[in-house]
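Sequence lines set the chain letters: A, B, ... in the order given, protein chains first and strands last, and positions in each chain run from 1.
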Amino acid sequence: MGMEKITVRQLVENAEEYADHPVTVSGWIRNNRDQKEFGFIALSDGSHFNTLQVVYEKEHLTNYSQVARLGVGSAVTVSGRLALTPQARQPFEIKAAEVILEGDSPEDYPIQPKRHSREFLREVAHLRPRTNLFTALFRVRSLLAFAVHQFFQEKGFVCLHAPIITANDAEGAGEIFRVTTLDPKNPPLTEDGNIDYSEDFFGKKTNLTVSGQLEAEAFALAFKDVYTFGPTFRAENSNTPRHAAEFWMIEPEIAFADLQDNMDLAEEMIKYLITYLLDKAEVEMAFFNQFVDKGLLERLQGIVSAEFVRITYTEAVEALQKSKEKFEYPVGWGKDLQTEHERCLTEKIFHKPVFVTDYPGEIKAFYMRVNDDQKTVAAMDLLVPGVGEIIGGSQREERREVLVRRMADFNIHPEDLKWYLDLRKYGGVKHAGFGLGFERAIMYLSGVNNIRDVIPFPRTVNSCEF
RNA sequence: UCCUCAGUAGCUCAACGGCAGAGCGACCGGCUGUUAACCGGUAGGUUGCAGGUUCGAAUCCUGCCUGGGGAGCCA
């Protein structure tokens, strides 16, 4: 018969070409409605957000009664003629000549053709990619990962794979996961009774990375413009919709560049990612706009054409004090901005993304460059409505003696980061970079407000299923 | 880790001290164009776990477990 094996995506993009032609499509049943003499299957083959309507008729199928009883989730291969149906809700459908059962799905299949709560779907994370929301979300995640690489590669950045296991424990970026092969019941001990890590696999204490930044700095001082994009691990006991123990981070690092260049890059990147998704994920974004966040498309389109706000920490504190907003925690120079303050800035005062720069040195990391006022450092956070902080970055302290002094303030021993200080000793130049939480970007761009829903199999405190 | 809300049928929820219920889903039947189809019927329960109060507990009390939201930490 000469059936051509084909995907739903090919049909969506080129239906006319296949009109009245015999085609074969394999996929999973999303919904099956039978009547006396005919029935309809909504078939998803994963190639496109849309399902394909299969029409099957008693007089054309030898196994009609079997097909009519096929449950949601079953895998089938359908062969038949493609019919254009411009007057119907779907633009085309398959008139089935043959429906072959590839994999049955019994009646206790948990995903039903009805609304499910996100909490329930998290418990069946192995099946949830078969639902509309997660089909859309994980395709967007895939597209966004590609867009990140494309953005940097087009600009000539070099991608480096920073190590996932590291002995850098002096960064203060959060609680770490220890990596060890020692027997937890019977570890080797030193003479004074402590665990003897010189006996461990690497001969020293090691942990999973909390950031690829330090390694990226080394590469930036060779390639000038670099980025890392990889997994990151934090053992924080954080119970919020914005925190995970394992997440992915994008960390560009640029040499011969200052904080302004850094913000320019971050803003350009966010706009690029939005533009990319609006173009390449039109159906998915329209779905989010309709069922997740009604104002999503309008807001994202607005952001592409708007300039991000750039204010200093000092100006932010003044703006908050002037706002007459009632805060649970008082606003004051020297105190870190609370979540409620950040929300006020981005959701009530400016209604768009806001860079806050030049924070007091005491509340920021040791590697951030000290400003001329000696009180603030060249830090920048990007705050967005709904999600909060999605980017944290800074110009790095390139002056060796200033960096050593800062490290002393933070109780970091120079010998622990000798190689990092070397970068200032040999051809050190001003440089800057930032970290973008990949999942937070997905949340912001989809409107889905829980990080556990934008990670295929999320790892959070007390939860490591699948 | 702290504060707070909630765990009842496969799912979403009602019953709030006195017989365990509905919608959806599943199953069976009907229906000649459905599309979260529609119509009729059937099955489905250790009310998160452990203890306590009471003649009587899904309901009140205590502890624990799990999940949601808020805070802190941050991306």
Item checked: A:F438 and A:L144, any side-chain heavy atoms less than 4.5 Å apart -> yes

Item checked: Expected output: side-chain A:R30 to main-chain A:R130 donor-acceptor under 3.5 Å -> yes

Note to self: Is the phosphate of B:G68 approached by A:R452 (side-chain N or O, under 4.0 Å from OP1 or OP2)?
What the structure shows: yes

Next item on the list: Specify the separation, in whole Å, of atom CD1 of A:I94 and atom C1' of B:U34.
Entry: 17 Å

Notebook entry, point to check: Using the P atom in both, what is the distance from B:C39 to B:A50, to the nearest Å?
Noted result: 41 Å

Item checked: Passing candidate, side-chain contact (heavy atoms from CB on, under 4.5 Å) with A:V179, options A:I164, A:L208, A:T166 -> A:L208

Margin query: Can you tell me which nucleotide in B:U32, B:A75, B:G72 comes closest to the side chain of A:F38?
Written below: B:U32

Notebook entry, point to check: What distance, rounded to whole Å, do you find between the two P atoms, one in B:C73 and one in B:C5?
Noted result: 24 Å

Next item on the list: Give one of base, sugar-phosphate or nothing for A:A441, where a contact means two heavy atoms less than 4.0 Å apart.
Entry: nothing

Note to self: Could you check whether A:T376 and A:N371, counting side-chain N and O atoms only, form a donor-acceptor pair closer than 3.5 Å?
What the structure shows: yes

Margin query: Over all strands shown, is A:R343 touching base, sugar-phosphate only, or nothing at heavy-atom distances under 4.0 angstrom?
Written below: nothing

Item checked: Under 3.5 Å donor-acceptor pair, A:E57 side-chain atoms to B:U32 base atoms -> no

Check: What integer number of Å spans the C1' atoms of B:U12 and B:G25?
Finding: 11 Å

Margin query: Regarding B:G67, can its base be found pairing with the side chain of A:E123 as donor and acceptor, where the two atoms are less than 3.5 Å apart?
Written below: no

Next item on the list: Give a yes/no answer on whether the side chain of A:S238 brings an N or O atom under 4.0 Å of OP1 or OP2 in B:C73.
Entry: no

Check: Which value, in whole Å, describes the distance between the P atoms of nucleotides B:C16 and B:C55?
Finding: 22 Å

Next item on the list: For B:C49 and B:G10, measure between their P atoms and round to the nearest Å.
Entry: 13 Å

Check: Taking atom P of B:A71 as reference, at what distance in whole Å does atom CD of A:E342 sit?
Finding: 10 Å

Note to self: Rounded to whole Å, how long is the line connecting atom CZ of A:R69 with atom P of B:C28?
What the structure shows: 7 Å

Next item on the list: Determine which nucleotide pairs with B:U34, using a 3.5 Å limit on both distances of a Watson-Crick or G-U wobble pair.
Entry: none

Checklist line | Pairwise 5' ranking along RNA chain B for A:D381 and A:V55, keeping only the more 5' one | finding: A:V55

Notebook entry, point to check: B:G23 and B:A9: how far apart are their C1' atoms, nearest whole angstrom?
Noted result: 12 Å

Next item on the list: Report the base-pairing partner of B:G67 (Watson-Crick or G-U wobble, both distances below 3.5 angstrom), or none.
Entry: B:C5

Note to self: For A:F327, I'd like to know if atom CZ has over 12 heavy atoms of other residues, nucleotides or ligands within 6.0 Å.
What the structure shows: yes

Check: Donor-acceptor pair under 3.5 Å: do we get one between A:Q90's side chain and the base of B:U34?
Finding: yes

Note to self: Taking pairing as Watson-Crick or G-U wobble with both contacts under 3.5 Å, can you name the mate of B:U47, or confirm there isn't one?
What the structure shows: none

Margin query: Regarding B:U1, can its base be found pairing with the side chain of A:N239 as donor and acceptor, where the two atoms are less than 3.5 Å apart?
Written below: yes

Check: How about A:E119: does its CD atom have over 12 heavy atoms from other parts shown lying under 6.0 Å from it?
Finding: yes

Item checked: Spacing between A:E328 atom CD and B:C2 atom P, to the nearest angstrom -> 17 Å

Margin query: As a test of reading the structure: which of B:G25, B:C74, B:U66 is closest to the side chain of A:N462, going by heavy atoms?
Written below: B:U66

Margin query: Can you check the distance between B:C19 and B:A57, where both ends of the measurement are the P atom (answer in whole Å)?
Written below: 12 Å

Check: Counting any heavy atom closer than 4.0 Å, what does A:Q35 reach on the DNA or RNA strands: base, sugar-phosphate only, or nothing?
Finding: base

Notebook entry, point to check: Using purine N1 to pyrimidine N3 plus N6-O4 or O6-N4 for Watson-Crick, or N1-O2 and O6-N3 for G-U wobble, both under 3.5 Å, which nucleotide pairs with B:C11?
Noted result: B:G23

Next item on the list: Using a 4.0 Å heavy-atom cut-off across all strands, classify A:T240 as base, sugar-phosphate, or nothing.
Entry: base

Notebook entry, point to check: For A:F247, which contact category applies under a 4.0 Å heavy-atom criterion: base, sugar-phosphate, or nothing?
Noted result: base

Check: Can you find a side-chain donor-acceptor pair between A:S105 and A:S74 that sits under 3.5 Å?
Finding: no

Next item on the list: For A:I391, report the nucleic acid contact type (base, sugar-phosphate, nothing); a contact means any heavy atom under 4.0 Å.
Entry: sugar-phosphate

Margin query: Expressed as a whole number of angstroms, how long is the span from A:N450:CG to B:A75:P?
Written below: 19 Å

Next item on the list: Would you tell me if any nitrogen or oxygen in the side chain of A:R122 comes within less than 4.0 Å of OP1 or OP2 on B:G68?
Entry: yes

Check: For the side chain of A:R440, counting heavy atoms from C-beta on, which of B:C27, B:G33, B:C74 is nearest?
Finding: B:C74

Notebook entry, point to check: Whole Å only: how far is the CD1 atom of A:I176 from the C1' atom of B:C73?
Noted result: 16 Å

Notebook entry, point to check: Tell me, do A:F233 and A:R459 make a side-chain contact under 4.5 Å, heavy atoms counted?
Noted result: no

Note to self: Expressed as a whole number of angstroms, how long is the span from A:M380:CE to B:A75:C1'?
What the structure shows: 12 Å

Note to self: Considering every strand and a 4.0 Å limit on heavy-atom distances, what is the contact class for A:N237: base, sugar-phosphate, or nothing?
What the structure shows: base

Note to self: What's A:E93 touching, base or sugar-phosphate or nothing? Going by heavy atoms closer than 4.0 Å.
What the structure shows: base

Check: Taking C-beta and beyond as the side chain, do A:L273 and A:Y444 meet within less than 4.5 Å on heavy atoms?
Finding: no

Note to self: Need one value for A:P113: base, sugar-phosphate or nothing, where a base atom within 4.0 Å counts as base even if backbone is also close, heavy atoms only.
What the structure shows: base

Note to self: Nearest to the A:K36 side chain among B:G10, B:C31, B:A71, which nucleotide is it?
What the structure shows: B:C31

Next item on the list: Whole angstrom is fine here: how far is it from CG in A:L127 over to P in B:C11?
Entry: 13 Å

Note to self: Taking donor-acceptor contacts at under 3.5 Å, does the side chain of A:H116 reach the base of B:C11?
What the structure shows: no

Note to self: Any heavy-atom pair between the side chains of A:E325 and A:L320 that's under 4.5 Å?
What the structure shows: no

Next item on the list: Ignoring hydrogens and angles, answer whether the base of B:C24 and the side-chain atoms of A:K114 contain a donor-acceptor pair closer than 3.5 Å.
Entry: yes

Notebook entry, point to check: How far, in whole Å, is B:G56 from B:C13 if one measures between their C1' atoms?
Noted result: 26 Å

Margin query: Under 4.0 Å, counting only non-hydrogen atoms across every strand here, what does A:R115 touch: a base, just sugar-phosphate, or nothing?
Written below: base

Notebook entry, point to check: For B:G18, what is the paired nucleotide under Watson-Crick or G-U wobble rules, both distances under 3.5 Å?
Noted result: B:C55

Check: Base, sugar-phosphate alone, or nothing: which one does A:Y329 contact when heavy atoms must sit under 4.0 Å apart?
Finding: sugar-phosphate

Next item on the list: Classify the nucleic acid contact of A:E37 as base, sugar-phosphate or nothing, counting any heavy atom under 4.0 Å across all strands shown.
Entry: nothing

Margin query: Students often get this wrong, so: under 4.0 angstrom with heavy atoms, is A:D34 touching a base, only sugar-phosphate, or nothing?
Written below: base

Notebook entry, point to check: Taking for each residue the nucleotide of RNA chain B with the nearest heavy atom, is it A:V72 or A:T339 whose nucleotide lies nearer the 5' end?
Noted result: A:V72

Notebook entry, point to check: Any N or O donor-acceptor pair linking the side chain of A:R33 to the base of B:C31 at under 3.5 Å?
Noted result: no

